[in-house]
Amino acid sequence: MPVSRVSLEITPQAYVAAAIMLIVIPLDWLLAWITAIVVHECCHCFALMICGKNIDRFRIDIHGMQIHTTNLTQWEQLFCTFAGPGGALLLLLVSGIWPKLAICGFLQSIYNCLPLLPLDGGKILRCLLSMFLSDGTVRVIMLYISRVFQIVFFLLCLVSMMFLNMGALPLVFAVCLWVRTAQIKIPCKSMP
C-alpha cells in the first residue's frame, strides 16, 4: 500500500479549548483523558489500515478529532467507526495500573456510542439503517432520534441538578452535548 501525505489541521478554537482544559482540569486527569483519546483515534486508524485505506487528513477542532478518508463501504465504515469506542474499552484492562485512564476510556466509549451524529454511535446507527432504508428515511430517523435524545438528556440533567445536588455540571455537560450534536440540519424540503 503506497504511503500518501497526511495533513493535520488544528483550528484556533482547539488551542483555546486546550488552554482552558489546562487551567480547569487537574493534570493527572487531563493526561489520562488525552491518552484515552489517542488510544481511541489510534484504534480508528488501525481499523482503516486493516481495511487497506489511506488517511487523507486529521482535523482537530473544538468538537474533537476527525479522520478523513475516502471510499469506505458500509461494512468498512461500520468496522472502522466501531473500532474507536471498542478499542478504548480495552483500557479497562489497565484499571489496576492506571485507574484514571480506565475511567476516561470507559466514559469516552460510552459518550461516543450515543446514537447521535457526528458521534461514533450515530455513525454506526446510520450505517446500520442505510443497509435497509433509503437515504432520505435514514436522515429523518437520525434527526428525530437526535432531537428526542437531546430533550430527554437535558431533562435528566436538570433532574440530577435539582435532586442529586450535582451543581451546574450536568447542565454544562448537556449544553456541550447539544452544541456537539447540533450539526444536523432539519430538512426543509420533502425527502425523495
Strictly by salt bridge (charged side-chain N to carboxylate O under 4.0 Å, His left out), give each pair with a member in [range] just once, sequence neighbours left out.
range: residues 109-128; result: none
range: residues 73-91; result: Lys53-Glu76
range: residues 10-39; result: Asp28-Lys100
range: residues 102-117; result: none

Gly105 backbone acceptor or donor facing Ser109 side chain under 3.5 Å
yes
Approximate separation, where rounding is to 0.5 Å, of [X] [atom1] and [Y] [atom2]:
X: Asp135; Y: Ser130; atom1: CG; atom2: OG; answer: 5.5 Å
X: Ile60; Y: Gln66; atom1: CD1; atom2: CD; answer: 9.0 Å
X: Ser134; Y: Ile141; atom1: OG; atom2: CD1; answer: 8.5 Å
X: His68; Y: Ile55; atom1: NE2; atom2: CD1; answer: 11.0 Å
X: Gln108; Y: Thr35; atom1: CD; atom2: OG1; answer: 9.5 Å
X: Thr137; Y: Met142; atom1: OG1; atom2: CE; answer: 13.0 Å

Within the structure provided, determine whether [X] and [Y] are in side-chain contact (heavy-atom separation under 4.5 Å).
X: Met65; Y: Arg59; value: no
X: Arg147; Y: Leu143; value: yes
X: Gln150; Y: Ser146; value: yes
X: Tyr111; Y: Leu114; value: yes

Sequence neighbours excluded, every pair satisfying side-chain hydrogen bond (donor to acceptor under 3.5 Å, both in side chains) that has a member inside residues 79-94
none
Would a hydrophobic clustering, with Ile, Leu, Val, Met, Phe, Trp and Tyr connected at side-chain separations under 4.5 Å, put [X] with [Y]?
X: Trp75; Y: Phe132; value: yes
X: Leu30; Y: Val38; value: yes
X: Phe79; Y: Met131; value: no
X: Ile50; Y: Phe82; value: no

Hydrophobic cluster (4.5 angstrom, side-chain heavy atoms) - remaining members for [X]:
X: Leu27; result: Leu31
X: Leu91; result: Val39, Val94, Trp98, Leu101
X: Leu90; result: Leu93

Decide if atom CH2 of Trp29 counts as having more than 12 heavy atoms of other residues, nucleotides or ligands within a radius under 6.0 Å.
yes
Among residues at least two apart in sequence or on other chains, which ones pass side-chain contact (heavy atoms from CB on, under 4.5 Å) with Val148?
Val152
Leu128: which residues meet the side-chain contact (heavy atoms from CB on, under 4.5 Å) condition with it, sequence neighbours left out?
Leu78, Ile124
Output every pair passing ring-ring contact (aromatic ring centres under 6.0 Å, His included) with a member in residues 43-62, not counting sequence neighbours, ordered by first then second residue.
His40-His44
Nearest heavy atoms of Cys51 and Cys80, plus distance in Å
SG-SG, 3.8 Å
Smallest separation among heavy atoms of Ala83 and Ala47, with atom names
CB-CB, 3.5 Å
Checking Thr11 now: which residues fulfil side-chain hydrogen bond (donor to acceptor under 3.5 Å, both in side chains) with it, not counting sequence neighbours?
Gln13
Between Ile67 and Glu41, does a side-chain contact (heavy atoms from CB on, under 4.5 Å) hold up when you go through it step by step?
CA-CA 8 Å; Ile67 301 171; Glu41 298 302 335; 3.4 Å; yes
Report the C-alpha separation of Leu72 and Leu48 in whole Å, then their side-chain angles, then the decisive distance to 0.1 Å, and conclude whether the side-chain contact (heavy atoms from CB on, under 4.5 Å) test is met.
CA-CA 9 Å; Leu72 291 174; Leu48 286 166; 3.9 Å; yes
